[in-house]
Novice: 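Let me begin by handing over the structure; questions about it come next.
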Amino acid sequence: MNENIIIQDDYQITAEGNFSISYQGLPGYRELYLIFDAKTNKSQSGILIIVNGIRRGVIQLSGEYTQFHLQFQHQAQDVVIQIRFEKYTKVEIKNFNVFIQECQKGCKYCLSGSCDLELFENCNKLRYKDQCLEECPQGTIAEYNSCVQASNIFVQGLELTEIEQVKTFLQEELNTIKKFGGEKQVKLNFETDFNGYLEIVFNCYSKQERNEDQLIKIDLMNGNSQVLYPSLFTYWNLQFKKQCKSRFEMDCVQVKGLFEIDFLKQNQVNINSYSKKIEQTGFWEIESLKIYNVEQRSYECEIKNCSQCSYHNQCAKCAEGFYVYQNKCIKKCPFYTVRDETQRYESKQPVDLNILVMLVSPFQDIKEIFGQISYDLNEKISLRYENETTFIGGGLLDQWRRTTYQKQMNLGKHYAIRIMFNISIENSSIELDSFFYSIDGRTFNVYKNTSYVDHTINHNKNILNLNLGCKISSNGRCVISNYSFMTMKCSPLCQSCTGPSQSDCKVYQSNIEKFDYQNHQCQDGYYLSEKGCQVCSQGCLICQSLNKCLKCQDTREAEFICKPNL
């Protein structure tokens, strides 16, 4: 901003000359939204809005505050908004907000509405910023297929980089060559308890460079185990994957894994291997082993108010007074969420909720939220955005007193409905003034001494008729915020239910493949999803979902890749 303007404590801008507003944006978005209130000291005056040198419109101001919305395509990361007007004109602006519509993840440009340029179009190796690499740079850690910044990797400054330096920990030599299907124990001896990271470099030999049938499993004595697919481009726990010197007339792939360890005074690491196809067995060996003495691994975090980040810039814990929601740190959990008991800092939407209507943006249409006007007195009702909250009504000229709306919704299979909103009945002097909502003819009134409504009603009809509006006879007015309407869903493929779980289902859809109608569950080896009975993950005999296995198969392969979660 420049010296022509004055900014009040409440962020009101007063200007008597042209000025500009600079905004340091985010990469990867396609639309820019501006919303603000403005007025002038004249009866009418036009101001010109220029964004990064491009004219974006002329708006007409009057002597009273008016709300303005500007929406246009825009791609530049940094934004300079210039506001120009005639001499001897005084302009006042407040509630100035900038919104962006982001591109989908992994997309650089999306002006067409779909992704115009993928961030990593042809990279099947490790991804770091705009590069495609074989090995993560120093100071980064490989997680899945991306290199992420990590700090405090060597907290105590102890880095044991040569195998000779860790000879005192090792009880035997490492250079034994094993067939895929073989096993090796690496015995280590620590005089004191040890916490840190173990880095192992493997050379893996096969008759083909890409072999999805070979696995290496590293069993750590703290009860954890990790599985590597050395010949596939799956980089979980891998620092690099590259070609090495061929041997036994076989291709060689070298991979490096990093594993967190927690050893007692005497312990060992078990390394097992497996090959699905005996005719493609191949060999593996340990090229090198390193030990890092660390207290904690943490990641540089770009998320505001996040105190602890994990893989790929995901917030694991927010600063005090903030809560994790959809990878953001917010001061107040949304009304439709519940606190995750297993992680006190996170707020999640219950799985059985299906949100049909939600007031989230001042760019929404009131008809989209409430439906069509059924009783109209031509009252001014607008959407407002203040203090990170969207309101219906409450503007300087809004007078919502008697207007009502009606909406018909097709709800699908459900067992209950839930309506939530904040209500303010302002300037009312009559006790009977109220806001009302009617569901299938059943009416509920909310009076001015109530500020928050969270109402769940048993309901299972497919079609619902909703009416709502104000009943105010005085000079008061209604203001609504945080409005949402949702259904409580039945379990997948359930026709009629009394609750969210599978046991609450009264009638299941017919002809579900692999479904046991007598016991109301999928057959062993399958789990119930919205698409029917889906096969469990590889090696799992009984599962609750794809990622939750209750019982593993009794096979050698299952020992490697199946993790029961009882």
Side-chain angles (χ1 to χ4, degrees), residues 1 11 13 19-38 46-61 65-84 91 93-121 129-130 302-305 312-315 325-330 334 349 355-370 381-392 395 481-484:
M1 299 185 182
Y11 298 102
I13 298 172
F19 65 95
S20 64
I21 300 173
S22 298
Y23 168 72
Q24 186 173 354
L26 296 172
Y29 65 94
R30 66 184 179 91
E31 286 189 326
L32 195 67
Y33 300 83
L34 307 179
I35 179 171
F36 56 90
D37 299 320
I47 66 173
L48 173 64
I49 307 295
I50 299 176
V51 180
N52 286 22
I54 300 175
R55 293 170 59 99
R56 292 298 184 180
V58 176
I59 59 176
Q60 297 296 324
L61 305 187
Y65 273 112
T66 305
Q67 188 178 84
F68 294 94
H69 292 228
L70 279 79
Q71 174 183 349
F72 46 86
Q73 288 189 335
H74 190 84
Q75 196 68 50
Q77 180 171 346
D78 297 327
V79 180
V80 177
I81 303 167
Q82 295 176 282
I83 299 178
R84 299 180 181 178
V91 171
I93 294 178
K94 66 178 182 178
N95 299 323
F96 192 93
N97 293 278
V98 179
F99 301 85
I100 62 172
Q101 182 173 342
E102 295 183 76
C103 298
Q104 55 267 45
K105 191 174 181 180
C107 182
K108 274 187 174 180
Y109 303 104
C110 57
L111 283 175
S112 65
S114 58
C115 190
D116 301 312
L117 180 62
E118 294 287 348
L119 188 59
F120 301 111
E121 224 169 349
K129 296 185 177 179
D130 291 341
E302 299 174 359
I303 301 170
K304 188 177 180 181
N305 297 314
H312 211 261
N313 206 36
Q314 299 291 307
C315 186
Y325 181 68
Q326 296 182 346
N327 206 36
K328 295 180 180 178
C329 290
I330 57 177
Q349 179 180 319
I355 299 176
L356 300 178
V357 181
M358 182 181 295
L359 176 61
V360 293
S361 164
F363 302 101
Q364 291 174 273
D365 190 336
I366 295 181
K367 293 179 181 178
E368 174 189 338
I369 306 298
F370 290 153
I381 307 171
S382 63
L383 274 76
R384 308 277 302 166
Y385 187 85
E386 295 179 8
N387 298 323
E388 300 182 355
T389 303
T390 299
F391 298 86
I392 295 180
S481 62
N482 298 309
Y483 177 87
S484 56

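Residues: numbered from 1 along the sequence shown. FYI, side chains are in, hydrogens and waters are out, and symmetry mates aren't considered; it's all heavy atoms of this structure.
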Novice: If the plane angle is over 60° it's perpendicular, under 30° parallel, otherwise tilted; pick one for Phe99 and Tyr385.
Specialist: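 The arrangement is perpendicular - the two ring planes meet at more than 60°.
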Novice: Between atom CD of Gln67 and atom CZ of Phe36, what is the distance when rounded to the nearest 0.5 Å?
Specialist: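 Reported value, rounded in 0.5 Å steps: 9.5 Å.
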Novice: Can you see which heavy atom on Val98 is nearest to which on Phe96, and at what distance?
Specialist: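 Between these two residues, the closest heavy atoms are CG2-CE2, 3.7 Å.
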Novice: Might you point out which heavy atoms bring Val79 and Val51 nearest each other, and give the distance in Å?
Specialist: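 Shortest heavy-atom contact: CG1-CG1, 3.7 Å.
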Novice: For the residue pair Ile81 and Leu34, what are the closest heavy atoms and their distance?
Specialist: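 Closest approach of Ile81 to Leu34: CD1-CD2, 3.8 Å.
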Novice: To the nearest 0.5 Å, tell me how far Leu383 CG sits from Ser361 OG.
Specialist: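 Rounded to the nearest 0.5 Å, the CG-OG separation comes to 8.0 Å.
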Novice: Could you tell me whether the side chain of Phe370 reaches within less than 4.5 Å of the side chain of Ile392, counting heavy atoms only?
Specialist: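 SC-SC contact between Ile392 and Phe370 confirmed.
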Novice: If I take atom CZ from residue Phe19 and atom CD1 from residue Ile93, how far apart are they, to the nearest 0.5 angstrom?
Specialist: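 Between Phe19 CZ and Ile93 CD1, I get 4.0 Å after rounding to 0.5 Å.
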Novice: With side chain to side chain contact (heavy atoms under 4.5 Å, CB included) as the test, would you mind laying out the steps for Thr66 and Ile59 before giving the verdict?
Specialist: CA-CA 10 Å; Thr66 305; Ile59 59 176; over 6 Å; no
Novice: I'd like to know if the side chain of Asn327 reaches the main chain of Cys315, judged simply by a donor and an acceptor atom lying under 3.5 Å from each other, with no hydrogens or angles considered.
Specialist: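 Confirmed, Asn327 side chain pairs with Cys315 backbone.
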Novice: Minimum heavy-atom separation for Lys304 to Cys329, with atom names?
Specialist: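 Result for this residue pair: O-CB, 3.5 Å.
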Novice: Once you round to the nearest 0.5 Å, how far does CG of Leu70 lie from CZ of Arg56?
Specialist: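 Answer for the CG-CZ pair, Leu70 versus Arg56, is 9.5 Å.
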Novice: Do side-chain atoms of Gln82 reach the backbone of Leu48 as a donor and acceptor pair under 3.5 angstrom?
Specialist: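 Judged by distance alone, no pair lies under 3.5 Å.
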Novice: Going from CD on Gln364 to CD1 on Ile366, what distance comes out if it is rounded to the nearest 0.5 angstrom?
Specialist: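 It comes to 10.5 Å.
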Novice: Taking all non-hydrogen atoms of both residues, which atom of Lys328 and which atom of Ile303 are closest, and how far apart?
Specialist: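 Of all heavy-atom pairs spanning Lys328 and Ile303, the closest is CA-CG2, 4.3 Å.
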Novice: Would you find a donor on one side and an acceptor on the other, under 3.5 Å apart, between the side chain of Asn97 and the backbone of Tyr33?
Specialist: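 No.
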Novice: Roughly how far, to the nearest 0.5 Å, is CG of Asp37 from CG of Leu61?
Specialist: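 Rounded to the nearest 0.5 Å, the CG-CG separation comes out at 11.0 Å.
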Novice: Identify the two heavy atoms, one from Glu386 and one from Phe391, that lie closest to each other, and give their separation to 0.1 Å.
Specialist: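 So the two residues come closest at O-CE1, 3.7 Å.
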